[in-house]
Participant: 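This is the structure, below, for whatever I ask next.
Below, chains carry the letters A, B, ... as their sequence lines are ordered, and counting in each starts from 1.
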Amino acid sequence: MRRPQKPGRLRQLLTRRAIVLAGMQAGVIGALGWQMRRIAVEQNQSFRLLAEENRVNIRLIPPVRGLVFDRLGKPLAYNEPTYKIEIVREQAGDPEAVLRRLATIVPITDEDIAQALEEMSNRRGFVAVPVIKDLDWEHIAAVSANAPALPGISAELGHYRIYPQADDFAHIMGFVGPVSDYDLSQRDDDDPLLLIPRFQIGKNGIERQIEKPLRGKAGVKRIEVNAIGRVMRVLGREESQAGSNVQLTIDHRLQKFAQERLGENSAAAVVMDVRNGDLLAMASAPSFDPNKFVRGISVADFKDLNENIYKPMLNKAVTGTYPPGSTFKMVTALAALKGGFMKTNEKVRCKGYTELYDRRFHCWRRGGHGNMDLHNSLKQSCDVYYYEVAQKVGIENISAMAKELGLGVPHSLELPAVREGLAPTKAWKKARKGEDWVIGDTLNASIGQGFVLSSPMQLAVMAARLGSGTKISPRLVNAIDNRPQPVRGREPLDIEPEHIKAVQKAMFAVVNERGGTAGGSAIRKKGWEMAGKTGTSQVRFITKEERARGVIRNEDLPWERRDHALFVAYAPADNPRFSISVVVEHGGGGSKAAAPIARDIMREALELGADNGYRALPTDVRAGKPILGDKA
Amino acid sequence: MSFVNNNVRTVPTGLSKVLFFNWPLALLLTAVASTGFLMLYSVSGGDIERWAEPQIIRFCMGMGVMIFMAFVPISFWREISGIAYIVGIALLLAVPYIGETRGGAQRWIDLGFMTLQPSELMKIGVVMALAFYYDWLDERRISHPVWVLIPIILIIFPAVLVLGQPDLGTALLIIAGGAIIMFIAGVHWLYFAAAILSVSLLVTGVFASKGTEYQLLKDYQYKRIETFIDPSSDPLGSGYHITQSKIALGSGGLTGRGFMQGTQQRLNFLPEKHTDFIFTTLGEEFGFVGGIVLLGLYGLILLFCYVSAFSNRDRFGAIVTIGVGTTFFFYFAVNMSMVMGLAPVVGVPLPLVSYGGSAMMVLLIAFGLVQSAHVHRPR
């Protein structure tokens, strides 16, 4: 079959073709080498970087949150170590058996076990799945002792925020909670810590407002991971930096006293040091337990808080704004004196009302006060005196004086939702309501009604300024990490001292002289006397018909339509040290509902007064260390 | 006559054949395989029993088979070429009935001591059958259309069977390998020009018709073809492999990150790190230098095949030698192109380096043929 004829020709052809083929193959090999060079040598840098990115993961080490203390070094917020138990499926072997064994030493339910098993089945084998949290040390010790029988079980340390003063400081401290998408959208904060699931951030109060210093700085753990994310080893570690410790100006004893004194009322009380603006107490009632929020508040509890008409969640001291009522009369009086529209001894006749363009503006006393000078108008809180004076002074001067005394202006406090209140002007009404200012508005404003609004905190500032004669501003944070925060507003008020004297004298009379509206609430101790002013602000319009029939008594009205009761004061009258404001929402008359509370709190403040200097924070108290023996 | 028979120019007999082995080729094969052992040891993280040891054992067995085959005269292998081809076809036909399914494709037959991929065996079967055919065929008929059609059928038939497994990569390699043998056997170049032209026209036509009312394929088929050609269009599938593979190669640099220091492979970013993608580990740990050395070894193996073929006056032996060399070439060229992102991801192992018995055994059997042709070449 084989035909050896012309083998040479065929071989030649084969050789030729094979050489062509070999040439092409050599070309391909060359191209492969070239591509190899391109990838490995030329693009080496970028590929090496990519390999590094593949390999190295950065894990954050959450810092321990800073502690908060009162002025005496009493802890208001600290962190308690807490343990949770986790299980790793692939280490456990038979997870269900291990969990059953665990159940004999730790209180876990069948539900917990079922949940953990289900979660494990959804995750990769090396992922730690939580079994139970909030275990105490004894249980953890038992688990550790039984570790050999519990493969795959590990205890993980975390921290819980504890508010030892509970309800007393709920509004000041606020609380922490897990960061939410809403928080992220609200805050201009690119701290990577916020991306940790369930990372705790301040949700309210001080916790929210000085979140950044309290939070501290994240530590970083560089770990090598493989393609499915399993941790292979730790490459490096940079410890986290605990948050700053914060000292407030509040005195926890006075705060507690004030909170208790407000009791079940829907009320607020603010005590301020007139010399430096330190807020010593800032109570808002009713209150709540912030610890409940940290641990995850139950739906029922939250519903209770949310639907309570007394609004326990609201910090009424700074967020509640009320018509100041007669406590505003000092403003109108000083505005009149300053502008020279009225002299201290000039008299106005009060016949129970002022008539203006067919409309009657009533004094609270139907029969009128007779002839009133400045002193008596404040002492007896005559409305007509101010109606008359206001027509001369005008709203712009009143508004300017209100702002000078701290009403209707912002005060910078480390709290959320600090309201500015309102010292209305003609321009404000035009812009806001689109209507022209009418003289009736001025009359209403002159007695702290109508558009005028202020918060209890602002009223305490007003009292402090009247008592000290300076533009002192409130201060809530004394120091952050022992760095003192500045005192603001030591400069004198832009008011003639004798005008202030006249008002101070009248405020003394309100409390301490016969016929003063707060006569029943004087502190009868030499050198501790208060100077103050009552206020009762209407929240409803009293019609002509009702006036004719007789004004309905507060007690006969539904709660939310009763008058607000207010009282502002400073003490001691001859050497002012503290100012106070008390607002009892819908409490009725200021002299009956607010003044006695203010007296008691002021008395407590004066009693504690000798002992409320600052205690430096012990330097070794770092965030996270449990403070034993000094809780609550 | 006896003088002539004992002359070095005559074919050796008996044990003295050992002296006439193509030892440099055997050495090169061992060098490449050893690189493989090293890499398998590295990707297993220092666990020699996992991949390196079985691979060494299989290589030794394969070398034994190769040496045995080298002792058998090439004429014997020529005579059984047809049988080898028919057995290969039979095995391919049997795969759907007795084959194992792995990864969605039915390609393996379990022989007890090893699993065999008949499609691998068929590459050699086609080479042998075509070499036999062209050794037998009268020179004048080589380019006659009828005598061109026969080898085309011999190639297309197994290719279609492999395609049905489905294994497009191997099917294409069988066709390419067969075509190369027809080329070196001397089939007129116009046939090849015509084939290339018509394939180009067909491909152009298929893609040009896309989106028109005369569309030749279904939409998902186009999508599949596109993914095949351009893996980056499927970043989580084969695109992921290519990306990670290039990262590994690229991060190696000139001299690599050191033996067992590659992070890509150790941390499992590389898919199929011990089989089809083992070259990336070599690149990562020994860098450009390591890659070029292996490529050089492959090139030398190919070169020795050509040298052996050129010195062989036996047409069957020469064609088989070049055919085996070319098959070998396709293995490493396609595999390397794949891991370097130059070719679509097809399941082609890096010859003698990738973990796996089937491909290694088939290759060493093939080189057994080359050795036999070399030892028994008429001089």
Side-chain angles (χ1 to χ4, degrees), chain A residues 1-57 126 223-233 235, chain B residues 134-140 142 180 183-187 189 243-244 246-254 256-257 262-264 266-271 283-284 287-292 295-296 298-299 302-303 306 309-310 312-313 315 318-319 322 325-326 329 332-333 336-337 340-342:
Chain A
M1 281 236 281
R2 299 186 66 196
R3 292 153 199 269
Q5 307 105 309
K6 300 181 189 168
R9 252 204 55 178
L10 261 185
R11 239 190 111 193
Q12 266 181 5
L13 184 62
L14 184 136
T15 306
R16 244 189 0 247
R17 289 275 174 102
I19 286 169
V20 171
L21 180 64
M24 294 194 307
Q25 290 173 343
V28 170
I29 290 174
L32 289 175
W34 183 257
Q35 170 77 350
M36 213 184 292
R37 203 190 78 88
R38 221 167 60 91
I39 294 178
V41 182
E42 286 174 22
Q43 302 174 9
N44 170 244
Q45 289 302 324
S46 60
F47 278 123
R48 181 161 287 208
L49 207 68
L50 287 173
E52 206 57 21
E53 277 172 14
N54 260 346
R55 180 174 78 99
V56 178
N57 245 359
F126 59 84
I223 51 172
E224 188 177 87
V225 294
N226 71 0
I228 49 172
R230 181 200 294 270
V231 177
M232 304 306 277
R233 62 186 166 133
L235 299 171
Chain B
Y134 281 111
D135 184 33
W136 164 82
L137 193 64
D138 187 286
E139 184 199 348
R140 285 164 298 181
I142 285 177
I180 293 290
F183 176 74
I184 55 170
V187 176
W189 63 268
T243 308
Q244 293 299 340
K246 281 172 86 171
I247 288 173
L249 285 173
S251 63
L254 189 64
R257 316 184 82 172
T263 59
Q264 283 286 100
R266 187 159 50 75
L267 301 175
N268 278 329
F269 285 103
L270 291 180
E284 189 179 17
F288 173 68
V289 172
I292 281 294
L295 192 61
Y298 282 140
L302 200 55
L303 182 67
Y306 279 114
F310 290 155
N312 195 340
R313 288 195 293 180
R315 188 163 159 81
I319 292 177
I322 293 174
T326 298
F329 164 81
F332 73 76
M336 285 186 179
S337 306
M340 290 193 284
L342 293 175

Participant: Rounded at 0.5 Å granularity, tell me how far CG in Leu342(B) sits from CE in Met36(A).
Facilitator: 10.0 Å

Participant: Using atom types as modelled and distance alone, determine if a side-chain donor or acceptor of Gln35(A) lies under 3.5 Å from a backbone N or O of Met340(B).
Facilitator: yes

Participant: If you look at every heavy atom in Leu302(B) and Gln25(A), which pair is closest and at what distance?
Facilitator: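 Looking at all heavy atoms of both residues, the shortest contact is CD2-OE1, 3.3 Å.
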
Participant: With a 4.5 Å cut-off on heavy-atom pairs, point out which of Phe332(B), Trp189(B), Phe183(B) contacts chain A the most.
Facilitator: Phe183(B)

Participant: Taking all atoms of both residues into account, what is the closest heavy-atom pair of Leu32(A) and Ser337(B), and its distance?
Facilitator: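 Taking Leu32(A) first and Ser337(B) second, the nearest heavy atoms are CD2-OG, 3.5 Å.
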
Participant: Do you know which two heavy atoms are closest between Val28(A) and Ala333(B), and how far apart they sit?
Facilitator: CG1-CB, 4.0 Å

Participant: Within the structure provided, determine whether Val20(A) and Ile184(B) are in side-chain contact (heavy-atom separation under 4.5 Å).
Facilitator: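 No. Closest side-chain heavy atoms not under 4.5 Å.
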
Participant: So which part of Tyr306(B) gets closer than 4.5 Å to some heavy atom of chain A, the side chain, the backbone, both or neither?
Facilitator: side chain

Participant: Using side-chain heavy atoms (C-beta onward) and a distance below 4.5 Å, is Leu14(A) in contact with Ile322(B)?
Facilitator: yes

Participant: Please classify the contact between Leu249(B) and chain A as side chain, backbone, both or neither, with a heavy-atom cut-off of under 4.5 Å.
Facilitator: both

Participant: Contact between Phe310(B) and Ile19(A) at the side-chain level, heavy atoms closer than 4.5 Å - yes or no?
Facilitator: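 Sidechains of Ile19(A) and Phe310(B): in contact.
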
Participant: Hey, does the side chain of Arg17(A) reach the backbone of Val187(B) with a donor-acceptor pair shorter than 3.5 angstrom?
Facilitator: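 Yes, the answer is positive, given that a donor and an acceptor are paired below the 3.5 Å cut-off.
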
Participant: Looking only at non-hydrogen atoms, find the nearest pair between Leu295(B) and Ile29(A) and report the distance.
Facilitator: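 That closest heavy-atom pairing would be CD2-O, 3.5 Å.
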
Participant: Between Ile180(B) and Leu21(A), is there a side-chain heavy-atom distance shorter than 4.5 Å?
Facilitator: yes

Participant: On a heavy-atom basis, which atom in Phe288(B) and which in Ala40(A) lie closest, and how many Å separate them?
Facilitator: CB-CB, 4.0 Å

Participant: Among the options Ile292(B), Ile319(B), Ile142(B), pick out the one with the most heavy-atom pairs lying under 4.5 Å from chain A.
Facilitator: Ile292(B)

Participant: In terms of heavy-atom proximity below 4.5 Å to chain A, should Leu303(B) be classed as side chain, backbone, both, or neither?
Facilitator: neither

